[in-house]
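For reference, the structure discussed in these notes is given below.
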Amino acid sequence: MTVTADPGSYDLDALRSRVLPHDEGAVDDSIPSLAAADPRLCAIALALPDGTVRGSSHSDTAFTMQSSVKPFLFALALLDTDGDALHRVGIEPTGEAFDAIKLESGTGRPPNPMVNAGALLTASLVDGDDGKARSNRILQGLSAFAGRPLEIDERTAEEEREHGERNHALAHLMRAEDTLHVTADDAVEVYGRACAVLVDVEALAVMGATLALGGVNPVTRERVLPASVARDVVSVMATCGVYDGSGTWMRRVGVPAKSSVSGAVVLAAPRTLGAAVLSPPLDDQGTSVRGRIASEVLSDDLGLHVFAT
Ligand code: GLN
């Protein structure tokens with residue numbers, strides 16, 4: 001029989017040492033600030049229902065959220081549109097890469113909120129009269145998830161703006177389909193700034209925990225979103241969060257999660273905890289190699305697989 005470890009005393013540095021020798025994968029080179037990341041970097045954190053946040057060494061290393069922001073953009077869009085965002089974006093997995101130039105056939109909507117097309121749209125649905133106001137609202141909303149004020153890395157935001165050709169293509173395609181109601185420039189700018197929000201694994205674990213625990217931030221005790229919205233977001237993370245690797249992830253890790261090109265992975269283990277791993281080298285599907293391995297071990301050791309009996 002497998003003995004389940006206690007997350008309150010689980011040795012995160014031992015887990016870090018265990019995954020560190022895995023040096024497969026490649027650091028993302030889509031923008032200079034991501035390409036400059038240290039491939040040996042690795043940090044892991046857990047956020048528990050009693051508000052305890054535990055991190056391995058290097059857990060105060062700052063990194064940009066990139067696609068790990070997508071579940072939270074979806075949450076904010078659902079909040080600010082009173083659920084209407086659910087009709088504006090699909091929720092089916094694509095089996096394709098995160099930046100595939102493709103919309104849902106028949107509707108012209110983005111396939112789901114976890115791919116770039118979907119996140120460009122959800123970021124555009126957040127409250128605010130213009131791009132600047134929406135970006136501020138997103139930063140304030142993300143800070144409530146993290147339980148502390150977050151900031152944008154302006155250099156990364158600038159690079160997202162300069163190198164966002166595929167995001168521009170997606171935004172224009174949605175304009176052509178009449179599914180995006182802000183300008184393409186505006187959508188790319190606001191989404192790019194959201195990707196450039198700085199966190200560390202401890203903040204990201206608290207964000208994951210807030211989703212996992214029905215919308216209440218375990219550290220601040222603030223209800224950030226209704227339980228029904230948290231449930232919708234976590235459901236879509238489970239089916240679409242790791243792009244075309246979501247099926248394998250669900251079978252093996254069994255915890256709803258979101259990957260990103262900075263090498264961050266955020267996990268939301270329903271009713272149990274939030275977790276985050278950072279390690280920049282990515283596999284072919286854009287998921288952190290050490291992030292995946294650490295998540296597998298964590299799931300096994302802490303008994304997190306949602307379908308395990
Ligand atoms: N900023 C990146 C992009 O827009 C985020 C992609 C990712 O993390 N998978 O392509």
Side-chain angles (χ1 to χ4, degrees), residues 25-37 41 63-74 89 93-103 110-124 131 135 138-139 142 152-174 180 184-199 201 204 207-208 236-237 240-246 249 257-267 276-292:
V27 174
D28 181 80
D29 61 359
S30 62
I31 55 173
S33 51
L34 288 175
L41 196 61
F63 53 91
T64 57
M65 289 189 77
Q66 298 299 333
S67 286
S68 68
V69 79
K70 287 169 175 167
F72 307 99
L73 293 177
F74 183 36
V89 55
T94 62
E96 292 189 63
F98 60 85
D99 56 355
I101 309 290
K102 208 168 166 186
L103 300 177
N112 68 63
M114 303 296 141
V115 294
N116 285 18
L120 285 157
L121 187 81
T122 54
S124 81
S135 186
I138 288 169
L139 194 57
L142 296 174
I152 292 174
D153 180 45
E154 292 296 340
R155 187 179 146 213
T156 301
E158 176 65 36
E159 290 174 5
E160 295 284 345
R161 200 175 296 135
E162 265 175 45
H163 297 265
E165 315 297 1
R166 293 186 75 82
N167 289 332
H168 271 284
L170 284 165
H172 281 292
L173 201 56
M174 288 190 282
L180 177 70
D185 281 347
D186 189 339
V188 173
E189 170 76 13
V190 173
Y191 165 67
R193 289 182 72 72
C195 287
V197 169
L198 285 166
V199 287
V201 280
L204 192 55
M207 298 177 82
V236 179
M237 287 169 81
C240 309
V242 191
Y243 313 122
D244 43 340
S246 297
W249 180 278
K258 184 72 207 76
S259 57
S260 72
V261 290
S262 53
V265 182
V266 57
L267 295 96
V277 185
L278 169 73
S279 191
L282 308 175
D283 65 17
D284 291 344
Q285 289 156 334
T287 301
S288 166
V289 172
R290 293 193 191 98
R292 179 176 45 75

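Atoms within each ligand, like the ligands themselves, are counted from 1 in listed order.
Using a 4.5 Å heavy-atom cutoff, the side chains of Leu204 and Phe63 are in contact.
Remark: Glu158 does not engage Arg155 in a salt bridge, criterion side-chain N to carboxylate O under 4.0 Å.
Not a single donor-acceptor pair under 3.5 Å links the side chain of Arg290 to the backbone N or O of Ser279. With hydrogens and angles ignored, the 3.5 Å screen pairs no side-chain donor or acceptor of Thr287 with any backbone N or O of Asp283.
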Under 3.5 Å, N/O to N/O: give me all the pairs between ligand 1 and the protein, one per line with atom names and distance.
from: ligand 1; atom 1: 1 (N); to: Gln66; atom 2: OE1; distance (Å): 2.6
from: ligand 1; atom 1: 1 (N); to: Glu160; atom 2: OE1; distance (Å): 3.0
from: ligand 1; atom 1: 1 (N); to: Glu160; atom 2: OE2; distance (Å): 3.3
from: ligand 1; atom 1: 4 (O); to: Asn116; atom 2: ND2; distance (Å): 3.2
from: ligand 1; atom 1: 4 (O); to: Asn167; atom 2: ND2; distance (Å): 2.9
from: ligand 1; atom 1: 4 (O); to: Tyr191; atom 2: OH; distance (Å): 3.1
from: ligand 1; atom 1: 8 (O); to: Ser67; atom 2: N; distance (Å): 3.0
from: ligand 1; atom 1: 8 (O); to: Ser67; atom 2: OG; distance (Å): 2.7
from: ligand 1; atom 1: 8 (O); to: Val261; atom 2: N; distance (Å): 2.8
from: ligand 1; atom 1: 9 (N); to: Ser67; atom 2: OG; distance (Å): 2.9
from: ligand 1; atom 1: 9 (N); to: Tyr243; atom 2: OH; distance (Å): 3.1
from: ligand 1; atom 1: 10 (O); to: Asn116; atom 2: ND2; distance (Å): 2.9

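Going from atom CG of Asn116 over to atom SG of Cys195 covers 7.0 Å, rounded to the nearest 0.5 Å.
With hydrogens and angles left out, the side-chain atoms of Thr156 and Ser33 include a donor and acceptor closer than 3.5 Å.
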